[in-house]
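Below, chain A is the first sequence line, B the second, and so on; all start at residue 1.
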Number of protein chains: 2
Amino acid sequence: MARHDEVLIALRQIIRATDLYSRKLSKVAGLTAPQLLILQAIASQGEMTMGDIATEVSVSQATVTTILDRLEKRGLIERKRGERDKRRVYAYLTDAGRDIMERAPTPLQDEFMSRFSRLEDWEQSLILSSLQRVAAMMNAGDIDASPVLDLGAIDRIQPAAGRRRTDSSFETDQK
Amino acid sequence: MARHDEVLIALRQIIRATDLYSRKLSKVAGLTAPQLLILQAIASQGEMTMGDIATEVSVSQATVTTILDRLEKRGLIERKRGERDKRRVYAYLTDAGRDIMERAPTPLQDEFMSRFSRLEDWEQSLILSSLQRVAAMMNAGDIDASPVLDLGAIDRIQPAAGRRRTDSSFETDQK
DNA sequence: GGAAACTATTTTGACATCTAAATATTATAT
DNA sequence: ATATAATATTTAGATGTCAAAATAGTTTCC
């Protein structure tokens with residue numbers, strides 16, 4: 001099997017394991033991994049705007065909004081509109097939020113954590129730097145995303161079954 | 001910053017980059033990464049059941065069902081109920097499916113791929129084996145963890161000595 | 001032959017996630 | 001001061017994803 005296929009498989013397994021752990025966390029601690037990460041970020045800063053959080057935990061702002069909606073509904077955080085600049089919205093932990101966050105497990109598999117920490121120092125840094133390299137190689141492409149690609153294939157995509165394009169990968173259409 | 005926090009950050013960046021690429025793929029080629037992976041799996045086998053596909057690409061059966069629903073709606077695959085065993089449902093590529101699949105890019109960032117392939121051989125294998133180790137360390141947890149939860153799955157997990165199944169803890173050994 | 005046990009798939013209900021568009025507000029330039 | 005550009009958040013619409021429950025079909029065993 002080709003190297004890159006093996007890389008792909010390993011990556012998918014890592015992604016899946018992370019997701020499965022998040023669900024387990026949710027059952028055991030009542031918080032998913034992203035929820036916990038966001039709570040931790042807020043706890044460490046005191047107050048944060050959506051944008052701050054998005055940058056900090058590497059997700060889009062829209063995602064932060066929906067996660068905060070759930071956390072707010074459960075009374076774990078509060079939102080407050082900025083006074084100086086009313087476009088901003090600051091998130092704070094409530095006591096309940098601080099409480100649950102402090103007793104929750106880590107957002108990374110505990111099994112993984114303990115295994116990882118048992119490795120020799122050089123092994124840890126080898127793994128870390130490999131991950132960072134992969135991340136860097138992947139993000140590099142984003143920076144100068146090519147706007148121009150051959151879209152010939154796209155026009156042919158939905159010939160079958162006719163009208164219903166649930167997909168909408170193309171231009172606007174209701175005029 | 002602690003090592004494991006850095007690991008966590010790198011992982012989230014990788015996960016996000018993978019997701020973003022999938023969306024870009026969807027715009028450019030009309031297929032998301034999982035859709036493409038599933039199409040490729042079917043193409044290589046000729047016909048597959050949901051369970052086969054789930055095992056092959058490392059996702060749950062329910063996920064396969066929803067993805068195939070979309071592919072079927074677009075006329076890229078067809079389902080056919082098994083004749084011998086009517087519980088089974090086989091998925092086949094249509095001509096349109098074969099066509100689009102063949103002209104689609106790889107399911108891994110091309111940017112990443114080309115950078116990766118430009119690395120020295122030893123570097124590639126270092127990175128690959130780091131990823132595999134991380135995957136293994138994460139999946140290991142699945143097997144013997146889950147203390148509090150009632151799991152019917154547990155009885156199906158035989159106390160394997162050395163052999164590690166890198167995938168989900170409870171794949172049915174269909175064969 | 002029929003009930004119990006097992007196997008395969010689909011459905012249901014939640015989350016996380018993104019982009020693009022819609023809103024709301026602030027800052028800037030004419 | 002007013003229109004326009006820039007910034008911050010939310011809403012809308014799509015996927016992907018899973019566990020658990022519901023369905024459907026097969027096997028086994030008395």
Side-chain angles (χ1 to χ4, degrees), chain A residues 12 15-27 30-38 48-55 57-73 79 81-91 142 145 165-169 171-172, chain B residues 12 15-27 31-38 48-55 57-72 79 81-91 146 149-153 156 168 170 172-175:
Chain A
R12 293 206 74 83
I15 291 171
R16 188 177 192 210
T18 300
D19 181 42
L20 293 179
Y21 178 71
S22 176
R23 289 165 202 271
K24 193 156 102 184
L25 232 193
S26 160
K27 278 204 169 161
L31 290 173
T32 64
Q35 288 172 353
L36 179 53
L37 284 172
I38 286 178
M48 294 181 94
T49 65
M50 308 302 113
D52 294 340
I53 298 173
T55 306
V57 303
S58 264
V59 294
S60 76
Q61 223 163 255
T63 302
V64 174
T65 293
T66 68
I67 293 178
L68 249 41
D69 285 346
R70 292 194 190 95
L71 295 177
E72 189 173 30
K73 204 179 301 177
R79 281 166 158 124
R81 206 108 216 163
E83 309 223 316
R84 207 183 58 244
D85 182 340
K86 293 203 203 85
R87 290 170 304 182
R88 288 158 179 276
V89 176
Y90 293 91
D142 270 4
R165 47 179 64 170
T166 64
D167 197 8
S168 90
S169 17
E171 84 306 345
T172 57
Chain B
R12 294 208 73 83
I15 290 172
R16 190 177 190 209
T18 301
D19 181 40
L20 293 181
Y21 178 70
S22 176
R23 288 165 204 269
K24 192 158 105 186
L25 231 193
S26 159
K27 278 205 168 161
L31 290 173
T32 64
Q35 289 171 351
L36 179 53
L37 283 172
I38 286 179
M48 294 182 95
T49 65
M50 308 301 113
D52 293 340
I53 297 173
T55 305
V57 303
S58 264
V59 294
S60 77
Q61 220 164 259
T63 301
V64 174
T65 294
T66 68
I67 293 178
L68 284 193
D69 285 347
R70 294 194 188 95
L71 295 177
E72 189 173 31
R79 281 165 157 124
R81 212 118 209 152
E83 309 224 316
R84 206 181 60 243
D85 183 341
K86 293 204 204 80
R87 291 170 304 181
R88 287 159 179 274
V89 176
Y90 294 91
S146 54
L149 305 173
D150 137 62
L151 298 179
R156 289 195 283 282
S168 84
F170 55 96
T172 51
D173 336 293
Q174 31 67 286
K175 120 112 320 47

### Query
Mapping B:Tyr90 and A:Val59 to their closest nucleotides on DNA chain C, which lands nearer the 5' end?
B:Tyr90
### First of B:Asp69 and A:Ser58 reached from the 5' end of DNA chain C, by closest nucleotide
B:Asp69
### Query
Can you list the residues that meet the side chain to side chain donor-acceptor pair (under 3.5 Å) rule with A:Ser60, with sequence neighbours excluded?
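A:Ser60 satisfies side chain to side chain donor-acceptor pair (under 3.5 Å) with A:Thr63 once adjacent residues are dropped.
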Distance check: side-chain N/O of [X] vs OP1/OP2 of [N], anything under 4.0 Å?
X       : N      : value
B:Arg12 : C:dT17 : yes
A:Thr63 : C:dA16 : no
B:Arg16 : C:dT17 : no

In whole angstrom, what separates [X]'s [atom1] from [N]'s [atom2]?
X       : N      : atom1 : atom2 : answer
B:Ile15 : C:dC18 : CD1   : P     : 11 Å
B:Leu25 : C:dT19 : CG    : P     : 14 Å
B:Ile67 : C:dT9  : CD1   : P     : 15 Å
B:Leu20 : D:dT15 : CG    : C1'   : 13 Å
B:Gln61 : C:dT10 : CD    : P     : 8 Å
A:Leu71 : C:dC15 : CG    : C1'   : 12 Å
B:Asp52 : C:dA8  : CG    : P     : 9 Å
A:Tyr21 : D:dT17 : OH    : P     : 21 Å

At 4.0 Å (heavy atoms only), tell me whether [X] reaches a base, stays on the sugar-phosphate, or touches nothing.
X       : value
A:Thr65 : base
B:Thr66 : base
A:Thr49 : sugar-phosphate
A:Arg88 : sugar-phosphate

### Task
Return yes if a side-chain donor-acceptor contact under 3.5 Å exists between B:Asp69 and B:Thr66, otherwise no.
no
For [X] and [Y], indicate whether the former's side chain and the latter's backbone hold a donor-acceptor pair under 3.5 Å.
X       : Y       : value
A:Ser26 : A:Leu31 : no
B:Asp52 : B:Thr49 : yes
B:Thr55 : B:Gly51 : yes

Nearest to the side chain of [X] - [options]?
X       : options                : value
B:Lys27 : C:dT19, C:dT9, D:dC18  : C:dT19
A:Pro34 : C:dA16, D:dG16, D:dA12 : C:dA16
B:Ser60 : C:dA16, C:dA8, D:dA19  : D:dA19
A:Thr32 : D:dT17, C:dT11, C:dC15 : C:dC15

#### Entry: Set of residues satisfying side chain to side chain contact (heavy atoms under 4.5 Å, CB included) with respect to A:Asp19, sequence neighbours excluded
A:Arg23
### CA sep, side-chain torsions, deciding dist, call: B:Arg79, B:Thr65, side chain to side chain contact (heavy atoms under 4.5 Å, CB included)
CA-CA 11 Å; B:Arg79 281 165 157 124; B:Thr65 294; 4.0 Å; yes
### Task
Might you point out which heavy atoms bring A:Ile67 and A:Pro34 nearest each other, and give the distance in Å?
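Taking A:Ile67 first and A:Pro34 second, the nearest heavy atoms are CD1-CB, 3.8 Å.
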Close N/O contacts between protein and nucleotides 24-27 of chain C (under 3.5 Å):
| unit_1 | atom_1 | unit_2 | atom_2 | d |
| --- | --- | --- | --- | --- |
| C:dT26 | OP1 | A:Lys86 | N | 3.0 |

